[in-house]
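Just so you know, these numbers come straight off a predicted model, no measurement behind them. In the text below, chain A, chain B and the rest are named by the order of the sequence lines, each starting its count at 1.
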Protein chains: 2
Amino acid sequence: MDKSKIPHVVVSRLPIYLRALEHAQQEGLTCISSQELSERLGVSAAQIRKDLSMFGEYGKQGRGYPVAALADALRRHLQVDKVWDVVLVGVGDLGHALARYKGFTHRGFRIAMAFDRDPEKIGTQAGDLIVEDIRTLARRVQEAGIKIGMIATPAAAAQEVANMLVFAGVKAILNYAPIHLTVPDDVRVEYLDPVIPLQRMTYYL
Amino acid sequence: MDKSKIPHVVVSRLPIYLRALEHAQQEGLTCISSQELSERLGVSAAQIRKDLSMFGEYGKQGRGYPVAALADALRRHLQVDKVWDVVLVGVGDLGHALARYKGFTHRGFRIAMAFDRDPEKIGTQAGDLIVEDIRTLARRVQEAGIKIGMIATPAAAAQEVANMLVFAGVKAILNYAPIHLTVPDDVRVEYLDPVIPLQRMTYYL
DNA sequence: GCGTTGTTGTGCAAATTGGCACAAACAAGA
DNA sequence: TCTTGTTTGTGCCAATTTGCACAACAACGC
Ligand SMILES: NC(=O)c1ccc[n+]([C@@H]2O[C@H](COP(=O)([O-])OP(=O)(O)OC[C@H]3O[C@@H](n4cnc5c(N)ncnc54)[C@H](O)[C@@H]3O)[C@@H](O)[C@H]2O)c1
Ligand SMILES: NC(=O)c1ccc[n+]([C@@H]2O[C@H](COP(=O)([O-])OP(=O)(O)OC[C@H]3O[C@@H](n4cnc5c(N)ncnc54)[C@H](O)[C@@H]3O)[C@@H](O)[C@H]2O)c1
């Protein structure tokens with residue numbers, strides 16, 4: 001159960017398991033077997049059992065896993081049993097969609113602030129938020145103690161924005177811009193460029 | 001060079017390499033070493049060399065890889081040396097952003113049609129496209145021979161939409177809805193749920 | 001021409017990851 | 001209480017994936 005001993009591949013599957021469990025719960029299931037989960041997920045049942053067993057013995061032989069309890073446990077391990085404040089930078093087409101997206105809060109995230117550089121955008125509404133001036137980012141984010149950032153600016157601005165976020169104390173960045181970011185070792189970056197998965201698929205077409 | 005012999009992990013890194021090469025080319029570089037690429041990508045130099053060597057000997061000892069030629073080769077292998085038509089389903093906030101996004105075409109993709117179920121949406125403009133009625137999807141997609149689909153509907157509709165796409169002959173689906181899709185073996189699905197990478201990061205915070 | 005520097009492609013070893021198969025545990029029904 | 005049917009957790013092995021290290025090669029300066 002030592003955090004540093006759990007391989008990243010395993011951690012990276014946990015959110016998938018959690019999402020499936022939440023769906024199962026909505027359907028009213030109280031108990032679910034690794035077999036059943038496997039079919040809903042495309043991950044082998046043995047894999048699921050082995051992954052989950054690294055965090056404790058949640059399953060009951062003959063019955064499967066208690067859906068609600070397991071989901072709670074996963075949320076605790078992933079630390080999404082609370083809601084994280086997130087800062088959004090770049091409120092263009094994509095940033096707007098993100099600001100208005102309702103799917104974050106009940107899964108552990110809330111966009112708490114949004115910043116842009118364009119004077120036309122600053123002061124306007126995006127979702128429930130007022131777009132703020134990028135020049136005030138460092139202070140605002142630092143004061144609020146925000147640890148997670150989302151970048152939805154053009155690629156040309158992304159590294160500069162990342163630097164600002166890091167300076168402001170952000171430790172995790174979700175980057176929508178199609179460019180690799182260079183950040184200190186203690187900051188994590190995940191990428192969401194839709195062209196990458198598209199090109200992965202065309203290889204096989 | 002036999003397609004089926006190249007491991008998927010390797011294929012999945014190719015689009016990353018291609019993106020980095022395109023950036024390097026824009027900066028005017030004509031030659032780039034695995035070392036240099038490694039720093040821009042966060043993938044080890046040995047890994048890059050080994051991956052690329054599976055597709056042929058593009059590098060020159062002492063100099064590195066010729067940027068333009070290697071990018072061309074990768075585009076050929078990924079089959080993005082042409083532009084694929086893509087069908088978009090669900091033109092809400094996210095679908096709108098996707099329809100207006102300019103970043104697809106020069107990387108091998110063009111949203112050729114967009115469909116929605118909402119009568120309010122049908123007939124309206126989204127980017128350069130007119131939103132069409134979902135009930136006409138099968139015929140339109142089949143006739144156009146489109147092989148790639150993007151789903152940006154709510155999760156509740158995603159599986160049904162996927163079924164329609166498969167029926168219409170689509171072989172690759174990019175799914176933005178936060179739900180696992182069940183499709184025939186010859187159809188590929190990639191997922192883009194932003195909460196998944198966010199939760200992957202909070203584990204370590 | 002020749003040493004120096006830099007870089008690839010690759011054989012091999014190490015590490016990681018995934019899958020099989022089964023004992024142990026539990027539920028339920030007779 | 002015993003039997004039957006399920007399903008977990010895990011030891012062990014196979015496969016995949018990564019990293020190391022070096023010979024082979026190319027350019028360059030002198
Ligand atoms: N639109 C999409 O569907 C989509 C899809 C995938 C990826 N992306 C990527 O997401 C990013 C945003 O895309 P978009 O379509 O919303 O672009 P956009 O041009 O509509 O919006 C970009 C926003 O960033 C702001 N900005 C620019 N420089 C900034 C800076 N230094 N600091 C703060 N704000 C700054 C701009 O003022 C603008 O509001 C791009 O990198 C794009 O490649 C977009
Ligand atoms: N908005 C975001 O930033 C964002 C981010 C990540 C993921 N997502 C996911 O993307 C999807 C779309 O998000 P959104 O914010 O654009 O939602 P939205 O409600 O704004 O848009 C959904 C659209 O899908 C259409 N639709 C519904 N059922 C349909 C059907 N059966 N066939 C065709 N069209 C149908 C609706 O009419 C609507 O136009 C959701 O699954 C959401 O979870 C959105």
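When each of dC20(D), dG9(D), dT8(C) is scored by its nearest atom to the side-chain atoms of Ser33(B), the top-ranked nucleotide is dT8(C). Listed candidates were dC22(C), dT8(C), dT18(D). Nearest to the side chain of Arg49(B) is dT8(C). Proximity note for Lys50(B) (side chain, C-beta onward) versus dG11(C), dT8(D), dT17(D): the nearest is dG11(C). Closest to the side chain of Glu57(A), out of dG18(C), dT18(D), dG9(D), is dG9(D). With dT10(C), dT18(D), dG18(C) as the candidates, the nucleotide lying closest to the side chain of Val9(B) is dT18(D). Among the nucleotides dG18(C), dT10(C), dT8(D), the one closest to the side chain of Tyr65(A) is dT8(D).
In this structure, the CD1 atom of Ile32(A) is 10 Å from the P atom of dT8(D), given to the nearest Å. One can place CD1 of Ile48(B) at 12 Å from P of dT18(D), the figure rounded to the nearest angstrom. To the nearest angstrom, P of dG11(C) lies 12 Å from CE of Met54(B). The nearest whole Å value for the distance from the CZ atom in Phe55(B) to the C1' atom in dG9(C) is 15 Å. In this structure, NE2 of His8(B) is placed 13 Å from P of dG18(C), rounded to the nearest angstrom. We find that CD of Gln35(B) is positioned 14 Å from P of dG19(D), with the value rounded to whole Å. The distance from atom CD of Gln47(B) to atom P of dT16(D) is 16 Å, rounded to the nearest whole Å. Atom pair Asp51(A):CG and dT16(C):P shows a separation of 16 Å (rounding to whole Å applied).
Both Gly62(A) and Ala46(A) lie near DNA chain D, and the one whose nearest nucleotide falls closer to the 5' end is Gly62(A). Taking for each of Ser34(B) and Gln61(A) the nucleotide of DNA chain C with the nearest heavy atom, the 5'-most of the two is the partner of Ser34(B).
Arg63(A) comes within 4.0 angstrom of sugar-phosphate atoms only, judged by non-hydrogen atoms across all strands, and of no base.
Contact of Lys60(B) with dG6(C) (side chain to base): no donor-acceptor pair of N or O atoms is detected under 3.5 Å.
Of the options Asn175(A), Val189(A), Leu174(A), a side chain to side chain contact (heavy atoms under 4.5 Å, CB included) to Pro197(B) is made by Leu174(A) and by none of the others.
Gln26(B) and Glu22(B) form no side-chain donor-acceptor contact under 3.5 Å, judged by distance and modelled atom types alone. There is a side-chain donor-acceptor pair under 3.5 Å between His8(B) and Tyr204(A).
Note: Tyr58(B) and His77(B) have perpendicular aromatic rings, judged against thresholds of 30 and 60 degrees for the angle between ring planes.
Between the side chain of Ser33(A) and the backbone N or O of Gly64(A) there is no donor-acceptor pair closer than 3.5 Å.
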